[in-house]
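From a predicted model like this one, the values you see are computed outputs, not experimental measurements. Position 1 is the first residue of the sequence; numbering continues from there.
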Amino acid sequence: MTLFLSYLAIGVTEGLVYGLLALGMVLIYKGSRTINFAHPFFGLLTAFVCWWLTAKADFFPFTLMPFAAGSRPRFVVAAVLALAFIGLYGLGIEHGIMRRLRRAPRLVTLVATIAIAQGALGLVTLVFTRTPDQQAQSRVIPPLIHTQFFIGRQLITGAHISVLIVTSIVGAYAAWFFTRTKFGVAVRAAAENGDAARLLGISADRVSGFVWIAGSVLAGIAGILVSQVKGGSVDVTTLSLGFLVRGLTAALIGGLTSLPGAVVGGLIVGITQEMLVWRFPSPNQQGLPELALFVFVVVVLLFRPGGLFGQREDTEDKVGFVPVLRELPARLRKTAAAQAYRVVSVAAVIAVALAGFTTTSANTGLITRMLAIAIVGVGLTILMGYSGQISLGHWALAGVGAFATATFVTRMHIPYLLALPLAIAAGMFVSLAIGLPALRIRGLYLAIVTLGFNLACQVYLFKQSAIGGSSAGRDLTPPKLGPFDLADPSNRPLLGFTILCLLVVLLVARNLANSRTGRSFFALRENEKAAATLGVRLTRYKLMAFAISGGIAALGGALYASSLGLVRAADYEAPFSFTLIAIVIIGGLGSPYGAVFGALVIRGIPDLVKFDNLWIVPIGSGILLLVVVVRARGGIAGLFTLLRAKVITAVNEMAPAPPAASAPKPPPAA
């Protein structure tokens with residue numbers, strides 16, 4: 001009994017922290033109808049700023065304070081300043097970005113928050129973990145209460161007591177504010193019915209700005225508290241994707257429209273997590289809580305979409321950032337300028353391909369993996385750009401293809417060329433399993449489900465001996481295909497094979513877009529109800545989109561693993577699914593070729609140039625993603641399409657007009 005109580009106490013304290021994080025998410029959602037995927041990264045940024053102000057800062061007002069660096073009084077001052085900073089940071093995000101997207105579809109704002117998350121992560125890397133010395137540095141936030149005792153085998157520290165005190169104060173203040181103050185009641189009214197609130201004179205701008213400030217501060221408090229509970233160490237891995245999934249799960253269990261429900265959901269998540277740790281202490285079961293969270297999310301959304309305390313909402317939304325990339329007008333397609341443009345384009349592609357065969361083996365391997373990622377991006381383009389279903393778990397599907405190929409080749413000794421189609425089939429099967437809930441879960445909620453699936457694969461499923469052969473992974477050595485040795489140290493044969501696979505996938509995607517199935521996908525994307533009225537079978541085409549997309553992603557993952565020669569769970573981490581979203585949107589979601597452009601810009605160029613400053617990639621991709629979402633939703637492919645039309649039109653107008661044919665002579669009179 002004592003052992004149970006000890007794990008229960010830890011679960012309650014951690015659950016209260018997750019509840020604070022979920023409370024901020026729910027507050028932002030109620031006030032601006034945005035699920036903020038950057039929320040835990042606000043906590044990450046706050047925790048790092050708080051640590052730096054506590055341990056390192058030597059400027060005003062710290063130079064006038066008698067508090068020693070690392071002391072508890074200095075920590076209090078640092079925490080207040082860090083929370084003020086993150087509140088202003090949240091206000092700047094709302095005023096500079098989210099307010100511009102207020103009338104955009106909610107999936108557009110979700111993608112914008114992904115870009116903000118990448119930018120926040122890059123900012124932390126730039127300022128705090130840029131150099132090897134910074135990475136090796138110990139970052140500890142001192143506890144506010146310096147005491148500790150044991151319950152059973154669990155050590156209860158002052159950090160756990162601080163959580164109880166802080167969450168009680170925050171909860172009591174929030175209850176008073178939203179029920180007893182005029183502005184708090186106004187915020188609730190605006191959240192319940194925005195149109196009616198505006199008619200009563202309640203400013204939507206003030207409400208949105210307030211919820212972003214308050215939500216960011218709550219994320220900052222949660223980030224500081226969870227760092228203290230986890231031993232006081234400030235770490236990126238603690239305050240990133242796993243923190244996000246726990247906060248989202250807590251918010252969904254309680255209900256996205258219920259503030260008390262967020263705290264209850266956090267307690268459920270925290271207690272469940274610690275009970276699983278207690279009952280399954282084996283190292284092989286360390287990722288079991290993440291799998292349980294994924295199951296929780298699916299069950300809640302399928303059977304009680306409004307959560308325990310919230311109200312069910314219509315989650316149907318459209319991928320409003322999919323532009324229509326128009327073909328050349330018929331009058332220009334057969335002109336000499338159009339034909340010359342095609343020749344130049346093909347020559348440029350061939351030149352780039354030949355460059356891959358003439359560089360070093362290391363660079364050839366990088367190009368091969370970039371093209372494999374582009375194949376995964378083409379699959380995601382079919383799902384998002386064609387059918388309008390968003391996925392934040394496609395990199396896990398790539399992992400399914402990689403592990404399936406390694407199992408077929410290494411353990412079952414199936415020929416490589418036969419193992420690849422079998423891996424594609426495995427990816428299609430898993431995609432269908434995820435797509436079945438998608439029949440009832442759409443839009444924002446589907447993004448959360450797929451993200452939970454990706455994290456569960458990374459930390460648990462891919463590490464099981466039956467799938468991944470433990471954390472060490474499995475070997476995957478591609479074989480000889482006649483005179484071509486795909487395992488050649490130069491990496492050139494495998495590059496040629498990957499280019500061939502990419503061309504086949506692009507051809508499939510293009511033909512699919514021009515087929516009846518593709519037109520049904522487009523109708524599904526634009527308006528499901530109208531598509532059903534016109535006879536489009538929604539269930540059939542939704543599942544078909546998931547299956548095709550998952551199969552292509554599995555092929556890309558298999559080729560990626562073949563280039564590495566090894567399949568490990570660490571190579572298919574969930575955060576890369578955010579990068580995949582950036583790749584397909586920056587490249588141009590309206591065209592499968594956009595995945596190639598995006599992979600080149602986001603992954604290829606940084607790898608080939610060998611940036612020593614790794615912070616450039618997340619910050620740069622985040623900025624590019626925001627620019628595309630706000631200003632140029634056609635992405636790189638859209639810019640090329642626009643440039644092509646202008647160049648061909650200009651050249652065609654400059655060409656001399658053909659001589660007019662002379663009028664025929666009248667026949668001689670009889």
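Looking at residues two or more places apart in sequence or on another chain, you find no side-chain hydrogen bond (donor to acceptor under 3.5 Å, both in side chains) involving Thr249. Listed by chain and residue number, Tyr560, Tyr572, Phe576 satisfy the ring-ring contact (aromatic ring centres under 6.0 Å, His included) test with Trp395 (two or more places apart in sequence, or in another chain). Annotation: side-chain contact (heavy atoms from CB on, under 4.5 Å) contacts of Leu88 (sequence neighbours excluded): none. Residues satisfying the side-chain hydrogen bond (donor to acceptor under 3.5 Å, both in side chains) criterion with Thr498, sequence neighbours excluded, are absent altogether. Applying the ring-ring contact (aromatic ring centres under 6.0 Å, His included) rule to Phe48 yields the partners Phe128; only residues at least two apart in sequence or on another chain are considered. Not a single side-chain hydrogen bond (donor to acceptor under 3.5 Å, both in side chains) links Thr368 to another residue, sequence neighbours left out. Under the side-chain hydrogen bond (donor to acceptor under 3.5 Å, both in side chains) criterion, Gln118 pairs with no residue, sequence neighbours left out. The ring-ring contact (aromatic ring centres under 6.0 Å, His included) search around Tyr541 returns none, not counting sequence neighbours. For Phe597, the ring-ring contact (aromatic ring centres under 6.0 Å, His included) test picks out Phe640, with sequence neighbours left out. Partners of Arg102 by salt bridge (Lys or Arg N to Asp or Glu O under 4.0 Å), not counting sequence neighbours, listed by chain and number: Glu94, Asp205.
Legend: salt bridge (charged side-chain N to carboxylate O under 4.0 Å, His left out) pairs involving residues 586-604, not counting sequence neighbours, sorted by first then second residue: Arg603-Asp607. Annotation: salt bridge (charged side-chain N to carboxylate O under 4.0 Å, His left out) contacts involving residues 570-584, sequence neighbours excluded, comprise Arg568-Asp571.
Looking only at atom types and distance, the side chain of Ser549 has a donor-acceptor partner in the side chain of His394 under 3.5 Å away. In this model, a donor atom of one side chain and an acceptor atom of the other lie less than 3.5 Å apart for Ser563 and Arg369. At a cut-off of 3.5 Å, with distance as the only test, no side-chain donor of Asn36 or Thr113 sits close to an acceptor on the other residue. Side chains of Gln273 and Arg246: a donor-acceptor N/O pair is present below 3.5 angstrom, by distance only.
Counting non-hydrogen atoms of neighbouring residues, nucleotides and ligands closer than 6.0 angstrom, the CZ atom of Phe522 exceeds 12 such neighbours.
With values rounded to the nearest 0.5 angstrom, Leu626 atom CG is found 9.0 Å from Ile586 atom CD1.
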